[in-house]
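Whatever order the structure lists ligands and atoms in, that order sets their numbers, starting from 1. Throughout, numbering of the chain's residues begins at 1 and tracks the sequence. None of these values were measured; they are calculated from a predicted model.
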Amino acid sequence: MIAVFTLNADPITQAELQAVLACMKEKHFSCGMIRIAEEGILSKEQRIKLVQLAIRPYRKLKLSEGTPCDEIIAIDPVNEPEARAGAFNLAARGTRQYLNDHGCYYEEIVTASCKPHRAAHSRSTADLCRELALAHHLNGERAWRMGMLHDVTKIKEDDWGRSLLSVYDPDKLSMSPKIWHSFTAPLVLKQNLCLKDTGILHAIYHHTLGDGNSDLDRILYIADKCERTRGYDTEAEIKLAKQNLKEAALLVKTEQRTYLKEKEGIHA
Ligand SMILES: [Fe+2]
Ligand SMILES: [Fe+2]
């Protein structure tokens, strides 16, 4: 007995995979073929890759190739909007690393987790991160992903940040709530997005204080402050950053300290 399961797979979620497996078991199918919808937010090629990764541990599941079957079963989407908004922990287990490594749904995550002006800032920061990384012969796409995610918890209320930091990073509670998002974002990205890239997580953690010393740390710190939607001329800082990240980070930090002290009374 062969079944064809039709899915959106945008992305394929763990609940959908479990539904397929439960149906296979209940109806004693010997083979389950997965057929995915033509249209999705991700390309069909990427959704096929996700399904391949999701079904890899299960010998009886295969991608459909138009094989004749005994029954066609539609699997309703479960948790797909939540997964696309950043809950990659709901995506099928084998797909989570791929989703992060390829920046899948990062645009949707930024839109869902930021107000429009903050989303525009995140996109612009990401673009500048990529530009600076490429100038230093580093991985531009990894830098872009870091920039996209750096402010994902900025929208959260202080009470939310306080309750999270009081458990995971209580030393930071003495600092201004305006910078708590740099400490809460890595916690959320590890938990919800299943992000394991320690270089990106480290850079996000240090992006408000500028106290990180890796190339990625400095790229994010500089890009966050100098991205081109900020409304002031930062081309001199960007030019310096393409030549020397350490000097540029020091310059930006000095300028930020002066600015924040004068304008907002926040000590960075
Ligand atoms: Fe930030
Ligand atoms: Fe930012």
Side-chain angles (χ1 to χ4, degrees), residues 86 103 106-133 140 142-162 164-165 168-169 171-193 195 197 199-234 237-238 241 245 248-249 251-261 263-268:
Y106 273 34
E107 188 59 49
E108 286 73 18
I109 291 166
V110 165
T111 303
S113 57
C114 302
K115 290 179 180 170
H117 77 281
R118 181 67 48 192
H121 159 72
S122 296
R123 291 185 200 106
S124 182
T125 300
D127 288 344
L128 186 51
C129 283
R130 181 201 277 133
E131 196 178 321
L132 296 180
R142 184 179 178 216
W144 177 86
R145 287 186 271 121
M146 167 180 76
M148 287 293 278
L149 298 177
H150 80 285
D151 275 342
V152 286
T153 55
K154 182 112 177 168
I155 200 171
K156 299 286 190 183
E157 301 287 342
D158 288 353
D159 285 348
W160 177 90
R162 188 176 292 106
L164 203 60
L165 293 178
Y168 293 102
D169 208 351
D171 291 352
K172 299 295 181 292
L173 289 169
S174 58
M175 295 182 174
S176 165
K178 292 194 176 194
I179 64 171
W180 286 357
H181 69 282
S182 54
F183 313 123
T184 55
L187 296 169
V188 167
L189 294 171
K190 274 191 275 189
Q191 173 69 35
N192 294 0
L193 212 64
L195 186 69
D197 187 324
I200 289 180
L201 293 166
H202 189 271
I204 292 176
Y205 189 89
H206 293 277
H207 87 267
T208 52
L209 296 178
D211 56 346
N213 294 320
S214 76
D215 285 344
L216 275 187
D217 296 342
R218 289 179 176 135
I219 284 172
L220 181 56
Y221 178 69
I222 295 163
D224 184 33
K225 303 298 182 293
C226 299
E227 58 89 1
R228 296 180 175 98
T229 70
R230 283 214 177 256
Y232 44 83
D233 184 8
T234 53
E237 287 84 351
I238 292 171
L245 287 171
L251 172 63
V252 172
K253 200 167 182 180
T254 304
E255 290 172 348
Q256 280 295 310
R257 274 196 174 135
T258 308
Y259 172 79
L260 291 172
K261 233 173 187 174
K263 302 287 179 187
E264 297 180 24
I266 296 168
H267 298 272

- Message: Can you confirm whether more than 12 heavy atoms, excluding those of Glu255, are under 6.0 Å from its CD atom?
- Response: yes
- Got an N, O or S from Asp224 under 2.8 Å of the Fe ion (ligand 2)? yes
- If the plane angle is over 60° it's perpendicular, under 30° parallel, otherwise tilted; pick one for His207 and His150. perpendicular
- Task: Restricting to N/O/S, name the atom of His207 that gets closest to the Fe ion (ligand 1).
- Result: NE2
- Message: Is there a side-chain contact between Phe183 and Asp171 in this structure, where contact means two heavy atoms from C-beta onward sitting under 4.5 Å apart?
- Response: no
- Minimum-distance N/O/S atom that Asp151 presents toward the Fe ion (ligand 2): OD2
- Could you pull out the atom name of the N/O/S atom in His121 that is nearest the Fe ion (ligand 2)? NE2
- Task: List the steps and the verdict of salt bridge (charged side-chain N to carboxylate O under 4.0 Å, His left out) for Arg123 and Glu227.
- Result: CA-CA 9 Å; Arg123 291 185 200 106; Glu227 58 89 1; over 6 Å; no
- Message: Could you go through Arg230 and Asp224, starting from their C-alpha distance and side-chain angles, then the distance that decides it, and tell me whether this counts as salt bridge (charged side-chain N to carboxylate O under 4.0 Å, His left out)?
- Response: CA-CA 9 Å; Arg230 283 214 177 256; Asp224 184 33; 3.5 Å; yes
- Query: N/O/S of His181 less than 2.8 Å from the Fe ion (ligand 1)?
  - Reply: yes
